[in-house]
Structures are given as structure tokens and as C-alpha cells.
Amino acid sequence: MTSPLMPAGAGGQGRWRLAGSALLVLLALGVMSGPGRAQDADAFSATIAVDAASRETARIDGQRRALAAVAERARAKMPKLEDKAITDLVLSFEVANERMSAVRYVAEFTFHFRPEETRRVLGNPAPIASPGASPGAPEESGKPVVLIPVYQSAGPAKLWEDPNPWRQPWEQQPAGTGALRLLVPLGDAGDIAALDADKARAGETTAMAAIARRNGGEEAIVAFATMRGPPDRPTGLDVAVRRYRAGQAVDSHAEKLTANPGESESDLLRRGAAAIVADIGNGWKNEASALNDQVGSLTAILPIADLDDWLRARDRLSKVSAIRKIALMALSRQEATIEIGYGGSIDQLRAGLAEISLDLVRGDPLWRLARGEPARPR
């Protein structure tokens, strides 16, 4: 089992601010200098999600990335500075969602930089927009995408259990920069209570929203890896990836890898994780967001054998990542007429339905859901 989470302070979700003269100076600026100065100071702030081996390492890495975010908003070049020089620019900082195990430290840092000194270091740039003020100004998001690595080889699927060799390459992945950063949960008691391997595989919406929220994110990605062949002589790896936003599935991808001669289980899993990271960066970031924001609706007829058969089919339909709504419009002994709300394209919907052995066929005037096998009453 992953090392248990140790609260970093009173309440794992609490916030604390660096005490001392730096905080007093910040408060004095806010009180004495008026609204304009307060807005200016906010422009020299950034929130950064950190995932490091220790709190000190996280702070040092976080303040550098936060300064880079401020420089990016100012359209200024990030200067080459030593860690101490950046520390001297920090007026104060806050920590939220602080969690740690024996080997990892995860938190969100909000750094407030000294406006005048930072402006000089950045080369006296033009006025800097506050975070979120300008849609066109790129800024590193403070919220990570929570990565859930589920693994199945010989035996039941694993998530938090040790060993889970699929977790290791993800924990070793860089946290990432820019619009997408991946964070693997620590696997503490709260994570275990929120989500298990079966719920992750089924895409249970409440559980997906809970695991993302408690790890400081709005999105979660389930990467379900299935090893082909015995672990000591793998022949390949199949990875099914689903992305969830606010608990709802918004995209899915698949990756199939063939093992190289003599390739070990761990090497194949590392290669699989790297391939998924590349897919996410190259495909989802550039195309999937716009595609999955498209919403469609259609009415389809589903042949059924009885009421229980309809209930089972409805449960299976609810697990299709592209489907966002299922509304029953009419029900008889032989068929159910349903309205399906979906995200993305018809091809994406068809691909998702094919995973549960349903074929979407255009009819006249309604669509039909043809089964791969005839429905059989129990």
C-alpha cells in the first residue's frame, strides 16, 4: 500500500499564510495604497500546483514556476535567476490542499511577488493583467488533471494496491507545464474511500468528481492498462483512456502497444505511459476540447426483451463516455424509444456504443440501436 497520507497541518484542506513582516507589508500595501495598488499587486500573483519530494523542494520549484507565469502574462522573457534571488522577490505565499506521504508532497501554492522589484527584474514591462482578466493572456492553470492508473494483468484490477506497476511510471512523469499538468493521487485513506478500481473502470460519475475535487482538480483521466501475456514475458499492452470533467465523461482514447523482444513489464509500462502523455498533449490539447464541446441529440429505438433487459441496457449506455443524457420517451414490451444527448461527433458516439456491443444505424425516421447479440430474457 502506498505510504499513508499525513496531514500537513490542522485540516488537509485548510489554508495558511506565511506569517511575519512579509505579510504585514502586504496588508499595509492593501490598506494604505488604495484599490489601484491592490489590483497591481494581484497582477504579480500566481497559483501553482506542486508535486515534489518535499515541501522545501515544492516551494522552490513553485516560486520559479509562479514567476514564469507572471512573466508570461507580462509577455516578458523569464530571467535567469538563482533560487535565492527569486525568494527575495516573494512578498508572501499561501498554501492550500497540502498533503504529504513519506515520499511525496502535493499542494497548491499562491505566490505574491513584490511589484516594483519584480517589474524591474522583468524589464519594466507594460501593465500586467490580473490572473483571468484577459482571455487572450496565456497563464499556467493552477488546477491539475488528476490521473487514475488502473492496471490488470493476471488477476483483479488494481488501483491503490501495492504493487501496482502501472502507477510507478505515472508517478515518475514530470508534473508538466502549461495548460495541462498531470497529478497522481497519493492513495491515502480519503482517496481509497472516494474511488476504487471497479468504480474507476465503470466511470462512476460521483466517484470521478470526488477524486478530482479532493486532489485539487476539475478533471480526471482514467488510464486502464491491460497487460497481454504473462508479466515476466509480456506480448503487448492495451490502454483505454477516458477523460472526465465535473464527473462527466468527455473523451476517450485507446492505445495498443506490442512488446519489443525481451522488453520487461516495467519498460513496456513506461513506454505506454509516455505514449499516453504524447497523445494527451498532441491530440486532446489541440483538438479534443473544441470537438467535445459540440453537443448533439438523437432519438433511437432499442429492441428489448423485457423491463429488466431495458434496465440493464440503460446502465450500459450510461457508461459510454460520449453519452451525456439518456431520456426514456416510450416503452413497450419489444422496444424502448430513447433520446440520447451526446458530446462530440456521431463517429465518437458510434465508437463508444460499439464498446458495449451496440451498433447505431440510421433509420427512417428514427435511429436504431442494433445489438451484437439478440436480447435474452432471464
Side-chain angles (χ1 to χ4, degrees), residues 148 150 152 157 195-210 219-224 226 238-256 283-284 287-378:
I148 310 298
V150 183
Q152 189 162 30
L195 185 71
D196 59 25
D198 290 338
K199 290 179 180 178
R201 186 174 185 180
E204 187 172 301
T205 57
T206 302
M208 299 311 303
E219 298 189 10
I221 292 176
V222 175
F224 186 82
T226 304
D238 299 328
V239 186
V241 186
R242 287 186 177 179
R243 188 170 188 167
Y244 297 83
R245 184 178 302 126
Q248 301 299 315
V250 295
D251 199 9
S252 62
H253 288 266
E255 187 78 36
K256 288 183 176 290
W284 289 359
E287 299 173 6
S289 295
L291 181 61
N292 283 285
D293 282 342
Q294 300 174 7
V295 178
S297 178
L298 59 84
T299 302
I301 295 175
L302 171 68
I304 59 172
D306 53 26
L307 178 60
D308 287 341
D309 185 37
W310 153 242
L311 295 176
R312 290 193 299 271
R314 183 189 62 185
D315 289 343
R316 291 164 60 207
L317 286 166
S318 68
K319 294 178 172 61
V320 175
S321 62
I323 292 180
R324 298 183 179 178
K325 182 184 75 170
I326 304 169
L328 179 63
M329 302 179 67
L331 183 66
S332 70
R333 293 183 178 181
Q334 292 80 32
E335 62 186 29
T337 303
I338 57 177
E339 180 184 0
I340 298 176
Y342 60 94
S345 66
I346 285 287
D347 288 340
Q348 283 181 298
L349 177 60
R350 278 200 175 105
L353 290 168
E355 293 179 2
I356 60 170
S357 301
L358 287 175
D359 185 19
L360 182 63
V361 180
R362 182 178 285 280
D364 186 16
L366 302 179
W367 295 81
R368 295 191 67 84
L369 291 169
R371 295 175 182 261
E373 297 180 359
R376 298 175 183 175
R378 287 184 175 179

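From a predicted model like this one, the values you see are computed outputs, not experimental measurements. Computed from heavy atoms alone, side chains included, the values below leave out hydrogens, waters and symmetry copies.
Expressed to the nearest 0.5 Å, how far CD1 of Ile326 lies from CD1 of Ile338 amounts to 6.5 Å. The distance from the CG atom of Leu353 to the CZ atom of Arg316 is 10.0 Å, given to the nearest 0.5 Å. Of the inter-residue distances, the one linking Leu369 atom CG with Ile356 atom CD1 reads 8.0 Å to the nearest 0.5 angstrom. Interatomic distance, Glu255 CD to Asp238 CG, rounded to the nearest 0.5 Å: 10.0 Å. Taking CZ of Arg324 as the reference point, atom CD1 of Ile340 lies at 14.0 Å (rounded to 0.5 Å). One finds the CZ atom of Arg243 at 5.0 Å from the CD1 atom of Ile221 (value rounded to the nearest 0.5 Å).
The shortest heavy-atom contact between Ala157 and Ala197 is O-CB, 3.8 Å. The two residues Pro303 and Asp309 have their closest heavy-atom pair at O-OD2, 4.3 Å. Tyr342 and Ser297 make their closest contact through CE2-N, 3.5 Å (heavy atoms, listed as atom of the first residue, atom of the second, distance).
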Would you tabulate the side-chain donor-acceptor contacts of residues 328-336 under 3.5 Å, counting partners in other chains and residues two or more places apart, or write 'none'?
| from | atom 1 | to | atom 2 | distance (Å) |
| --- | --- | --- | --- | --- |
| Ser332 | OG | Gln334 | N | 3.3 |
| Ser332 | OG | Glu335 | N | 3.2 |
| Ser332 | OG | Glu335 | O | 3.3 |

Quick one: side chains of residues 200-208, donor-acceptor pairs under 3.5 Å with protein atoms, not counting sequence neighbours, listed by atom name and distance.
| from | atom 1 | to | atom 2 | distance (Å) |
| --- | --- | --- | --- | --- |
| Arg201 | NH1 | Gln152 | OE1 | 3.3 |

| request: Before giving the answer on side-chain contact (heavy atoms from CB on, under 4.5 Å), spell out for Ile304 and Arg371 the whole-Å C-alpha distance, their side-chain angles and the decisive distance to 0.1 Å. | output: CA-CA 10 Å; Ile304 59 172; Arg371 295 175 182 261; 3.9 Å; yes
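A donor-acceptor distance shorter than 3.5 angstrom exists from the side chain of Arg350 to the backbone of Leu360, with no hydrogens or angles considered.
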